[in-house]
Amino acid sequence: MVRSARDKSATYEDVLAAPENMVAELIGGELFLQPQPAKRHTRVATTLSVELGRLFDRGLGGPGGWWILAEPEIHFGRDVLVPDLAGWRRASTPTFDYDVAYYQERPDWVCEVLSPSTARKDRVLKLDVYYRAEVEWAWIVDPHAETIEIFRWGQEGWIRKASADGREVVHLDPFAEADLDLDAIWPPEPSAAP
């Protein structure tokens with residue numbers, strides 16, 4: 001469940017003071033606290049991180065050229081967001097200051113994995129911040145519906161470029177140069193006990 005202070009005067013000090021077991025985000029001066037996500041969400045985010053990281057961060061079986069990070073704290077002015085995944089092209093962001101706990105560099109791609117309690121915040125509030133910051137690509141991943149929506153930044157708003165569902169091999173921007181096996185992303189259905 002997402003808990004919000006409903007007070008529009010929260011600051012980064014409130015993020016720092018959040019309990020350790022909560023993910024804290026600051027959007028429009030409002031503090032949002034949520035517990036770590038459920039297993040299905042975690043499985044999908046982790047698998048995407050491993051697959052994209054192998055192909056695009058490490059360049060193993062793929063083109064490389066990216067920094068792919070799980071749950072980085074990114075500062076967009078006064079807004080503080082923690083996307084499930086984010087990526088930076090190495091050509092435009094060759095290095096980071098690794099002694100700082102957060103990122104001020106605008107990512108080239110963000111990915112939000114939906115949970116029932118965070119879907120509105122992810123789809124509306126966070127996408128608005130990413131749009132204002134001119135993040136080029138955004139993915140919305142729904143682990144329950146087994147869908148991925150791909151959005152690209154445009155002058156008039158987000159442009160929905162594609163969607164994918166099912167358990168096939170796909171090529172999704174901005175990572176279309178390599179195969180992404182959706183069957184590996186979605187959690188297997190629980191098997192019946194013997």
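Just so we're clear, the structure is a prediction, and the values are computed from it rather than from any experiment. Starting from 1, each residue takes its place in the sequence as its number.
- Just one of Trp109, Tyr103, Trp137 meets the ring pair (Phe, Tyr, Trp, His ring centres under 6.0 Å) condition when paired with Trp88; it is Tyr103.
- Minimum interatomic distance between Ala10 and Leu26 (heavy atoms only, all atoms of both residues): CB-CD1, 3.5 Å.
- Atom OG1 of Thr47 is separated from atom CG of Asp183 by 11.0 Å, given to the nearest 0.5 angstrom.
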_Checking Leu81 against Glu25 for the side-chain contact (heavy atoms from CB on, under 4.5 Å) test, could you report, in this order, the C-alpha distance in whole Å, the side-chain angles of both residues, the deciding distance, and whether it holds?_
CA-CA 5 Å; Leu81 276 61; Glu25 295 180 298; 4.0 Å; yes

*Can Leu125 and Glu30 be said to form a side-chain contact (heavy atoms from CB on, under 4.5 Å), step by step?*
CA-CA 11 Å; Leu125 301 178; Glu30 189 171 348; 5.9 Å; no

_Derivation of the side-chain contact (heavy atoms from CB on, under 4.5 Å) call for Leu48 and Glu51_ = CA-CA 5 Å; Leu48 269 173; Glu51 291 296 310; 5.7 Å; no

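- For Arg78, the CZ atom sits in a loose shell: 12 or fewer heavy atoms of surrounding residues, nucleotides or ligands are nearer than 6.0 Å.
- Between Arg90 and Asp57 there is a salt bridge, since a side-chain N of the basic residue sits under 4.0 Å from a carboxylate O of the acidic one.
- Under the 4.5 Å side-chain criterion, counting only non-hydrogen atoms from C-beta, Leu180 is not in contact with Phe175.
- At a threshold of 4.0 Å, the pair Arg123-Glu149 counts as salt-bridged, since one of the basic side-chain nitrogens sits closer than that to a carboxylate oxygen.
- The closest side-chain heavy-atom distance from Asp173 to Arg152 is not below 4.5 Å.
- Residues Gly28 and Asp79 share a closest heavy-atom pair of N-OD1, 2.6 Å.
- Other residues, nucleotides and ligands place more than 12 heavy atoms under 6.0 Å from the CZ atom of Arg167.
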*For side-chain contact (heavy atoms from CB on, under 4.5 Å), just list the numbers for Asp84 and His41, CA-CA rounded to whole Å, side-chain angles, deciding distance to a tenth of an Å, and then say yes or no.*
CA-CA 9 Å; Asp84 291 294; His41 176 151; 2.8 Å; yes

